[in-house]
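Chain letters run A, B, ... following the sequence lines, proteins first and then strands; every chain starts at 1. Because the structure is a prediction, the values reported are computed rather than measured.
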There are 2 protein chains.
Amino acid sequence: MVTDPGTTADGTIQLLWGLREGPTRGPKPVLSLERIAQAAVDLADAEGLAAVSMQRVAADLDFTKMSLYRYVTGKDELVAAMIDLAVGEPPALGELPGTGWRPRIEAWVRLLGQTWEAHPWLPWVTMGDRVMGPNETAWTELLAAVLARTGLTVTERMSLARMLGGHVRTTMSVSTAGTQPWVNPRQAALLREHADRFPTLRAMLDDDLTPPPDNGRDFGLRLILDGVERLIAARAG
Amino acid sequence: MVTDPGTTADGTIQLLWGLREGPTRGPKPVLSLERIAQAAVDLADAEGLAAVSMQRVAADLDFTKMSLYRYVTGKDELVAAMIDLAVGEPPALGELPGTGWRPRIEAWVRLLGQTWEAHPWLPWVTMGDRVMGPNETAWTELLAAVLARTGLTVTERMSLARMLGGHVRTTMSVSTAGTQPWVNPRQAALLREHADRFPTLRAMLDDDLTPPPDNGRDFGLRLILDGVERLIAARAG
DNA sequence: GGAAACAGTATCTGTAGGACACAGTTGGCT
DNA sequence: AGCCAACTGTGTCCTACAGATACTGTTTCC
C-alpha cells in the first residue's frame, strides 16, 4: 500500500473509469467491485481505515482474501474505488442555492463537507497526486463551473479550487469539533507547565476553548471569499 | 502504527518533552533518541515514508531492530520524534520582517513552507489530533503571538492558525509544482475523453496549465489575509 | 462435446511491528 | 572488593499484512 505521494497506476484508471473489459466465458462472477468497495467503505466508516485489510474485507463478504484480487489488482486500487464510492455523485449545479458564485461556493463547501463527515478516513486517503475517479471529477467540475463566472484567471481558479478542497480537509477533524476543547487537555497541561516558553498560548487557555461545531469552516471560508470579492472589485474598479 | 485519527499516548508526550527519567546503572547507551530520529528522518527524506521501518532504520544505524525499542516504545513514538526533529525550531519573533501582522504572517507561512519542503512526508504524518512536540508548539506560539494583535477573538485566532497550517499543507504537493501541469496528463486524457460530462474542466485544459512554483500558496494566502483585513476594518468602522 | 477462459480457493513467501527471554555490562551498596 | 540489581543490545518467536502461484471447478464459444 502506498502512503507516499502516490502515482496512480494505469490499471486503477481503467478500474475507476469503467475501462476494464468484461469477459464472456467462464463462471458468473459472484462478487463485484461495487460490493467489495462498499464493504470496505462500511468497514472503514465503522472501525477506521486501519481495520481495512484484504483479509477483513473478504471475511466480511464471506469470501477468501485472494478472491478480491480478481476485481482489484491490489490494495491501492481498492482504496481508489473506496474514495470514489464514498465521495459519491455531487449535486447538480441547479441544486445549489442562489445564483451568484458566492452562495454557490458556500453550498459546495457545505455539501462536500457533509459528505466527508460520514467518512472520516477520507482526508488521509485523498492526499497527494492521484488520478480522480468519475465522482470526484464531477465534484471538481461542479466547482469549476461555479468558479467560471468569477472573472479569475484559470490558474487562479485552480488555486482556489485546490484551496477550497484543502479547507474542507483542514476543518474535518471531527473528533474534537463542538465537544472537546480546541487544545487537547494534555497539550494544555504542557502549555501550563511551560508557560515561560509559550506565554501567548498559555494566556489563550484562559479563554473559552470550545471550538465551533464546524471547526471554523464557515469562518475560514468567509475570509477566503471576502478575499476573492476584494480581488474582483480591485480589477473591476 | 496508527494511520487513523491518532490519540497520542502518554509515553509519547514524556518522550517528546524530555520527561523520561534517565537511569543511573547499567551499560552506557550507545544509541540515542536523537540519532535514531535523525536516521529515520534522513531515510524518509531520501526514500519516502514507506521506506521507514524499524528494521531499516536500525540497519542504517548498524543495530538490530529491537535495540530501537529501548528508546522508543513503538513506531508511533518514532514518528512523533521525527516530526519534531524535522520541523525544527522556529525563528524568533524579531526575525520576522516588518512590524504589522500581515507581513509577519506571510513570513511565517513562507518559512514553515520552506521547512516542510525539505520533508515531503510531513503532511501525511501531521494530520489528525496529536499532542505537539516542543518545536511544533514553538511554531504555533510564534504564530499565536503574531495573531494576538489582529484584534480577532481567541476562537477566530485559533481557526485562523489552524487554517494557515492547513494552507501550507494543501500547497505542499511539491512533486508537480512548477514543472508538471496542474492536471495529471492521464487525468487530462480522461477529461478530453469525457468532455461531455466535464465541459468546464475540459475547456480549462486549453489554457496554460503550468502551476506556479508555490502551488498557489501566495495567492491563497493573499485571499485569506485580505479577508482578515476586511473583517478588522468592518469592526473598526 | 471439448477446450479455452474464467471464478474462487489453498498454500506459500516476504516483510512488517512487536513480545519475550537472554547475555553481557555497569554502577551502587554492603 | 565483591555482589546484585538495573540496564543495553541481541536472538528468536509470533501474528498480521500484501501478494504470487498453482490449483479446482464452472461457464461458454467453436
Side-chain angles (χ1 to χ4, degrees), chain A residues 1-4 6 9 11-12 15 20-37 39-40 43-44 47-82 121 124-125, chain B residues 1-4 6 9 11-12 15 20-37 39-40 43-44 47-82 121 124-125:
Chain A
M1 171 155 176
V2 176
T3 40
D4 266 332
T12 307
L15 180 87
R20 209 96 99 190
E21 67 271 10
T24 53
R25 292 193 254 190
K28 302 290 182 192
V30 185
L31 273 170
S32 69
L33 175 63
E34 287 70 29
R35 277 184 67 193
I36 295 172
L43 181 57
E47 303 182 29
L49 196 60
V52 177
S53 70
M54 295 290 158
Q55 192 85 251
R56 182 64 196 282
V57 172
D60 285 6
L61 290 163
D62 271 311
F63 282 83
T64 61
K65 176 183 63 166
M66 289 314 293
S67 66
L68 305 188
Y69 286 90
R70 289 280 165 195
Y71 301 86
V72 224
T73 62
K75 194 175 178 181
D76 290 337
E77 276 197 14
L78 175 58
V79 172
M82 287 173 69
W121 42 274
W124 275 263
V125 114
Chain B
M1 170 156 175
V2 177
T3 39
D4 265 332
T12 306
L15 180 88
R20 208 96 101 191
E21 66 271 11
T24 53
R25 292 192 252 188
K28 303 288 182 193
V30 186
L31 273 171
S32 68
L33 175 61
E34 287 69 28
R35 275 185 67 195
I36 294 172
L43 181 57
E47 302 182 30
L49 195 61
V52 177
S53 70
M54 296 289 151
Q55 192 86 252
R56 181 63 195 281
V57 172
D60 285 7
L61 290 163
D62 271 311
F63 283 82
T64 60
K65 175 183 64 168
M66 290 314 293
S67 66
L68 305 189
Y69 286 90
R70 290 282 165 195
Y71 301 86
V72 208
T73 63
K75 195 174 178 183
D76 289 339
E77 274 197 16
L78 174 58
V79 172
M82 287 173 69
W121 42 274
W124 275 264
V125 114

Check: V52(A) main-chain N/O paired with K75(A) side-chain donor or acceptor under 3.5 Å: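 Such a contact is found between K75(A) side chain and V52(A) backbone.
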Any side-chain heavy-atom pair of R56(A) and L43(A) under 4.5 Å: yes
Side chain to side chain, Y71(A) and R35(A), heavy atoms closer than 4.5 Å: no
Base of dG9(D) paired with side chain of R70(B) (donor-acceptor, under 3.5 Å):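 Check passes, donor-acceptor contact within cut-off.
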Short side-chain N/O contact from K28(A) to OP1 or OP2 of dG8(C), under 4.0 Å: no
Residue-phosphate contact under 4.0 Å: K75(B) side-chain N/O, dG17(C) OP1/OP2: yes
Atom [atom1] of [X] to atom [atom2] of [N]: distance rounded to whole Å?
X	N	atom1	atom2	value
Y69(A)	dA22(D)	OH	C1'	17 Å
Q55(A)	dT9(C)	CD	P	12 Å
M54(A)	dA16(D)	CE	C1'	14 Å
D76(A)	dA18(D)	CG	C1'	10 Å

Side chain of [X], heavy atoms from C-beta onward: which of [options] has the nearest atom to it?
X	options	value
Y71(B)	dG18(C), dG9(D), dA7(C)	dG9(D)
V30(A)	dG25(D), dC17(D), dG8(C)	dG8(C)
R25(B)	dT28(D), dA7(C), dT26(C)	dT26(C)
L31(A)	dT8(D), dG8(C), dC6(C)	dG8(C)

For DNA chain C, the residues among residues 56-66 of chain B that have a non-hydrogen atom under 4.0 Å from it: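 Contacts with DNA chain C under 4.0 Å: K65(B), M66(B).
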Interatomic distance, M54(A) atom CE to K65(A) atom NZ [nearest 0.5 angstrom]: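 If I round to the nearest 0.5 Å, the distance is 9.5 Å.
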Reported CG-to-CG distance for the pair L31(B) and D62(B), which is rounded to 0.5 angstrom: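 Here the rounded value is 10.0 Å.
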Over all atoms of both residues, closest heavy-atom pair of Y69(B) and G74(B):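 Shortest heavy-atom separation between Y69(B) and G74(B) comes out as CE2-CA, 4.0 Å.
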Non-hydrogen atoms of A40(A) and L78(A) that approach each other most closely: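 Closest approach of A40(A) to L78(A): CB-CD1, 4.0 Å.
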Touch class at under 4.0 angstrom, heavy-atom based, for S67(A) against every strand present: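 Result for S67(A) = base.
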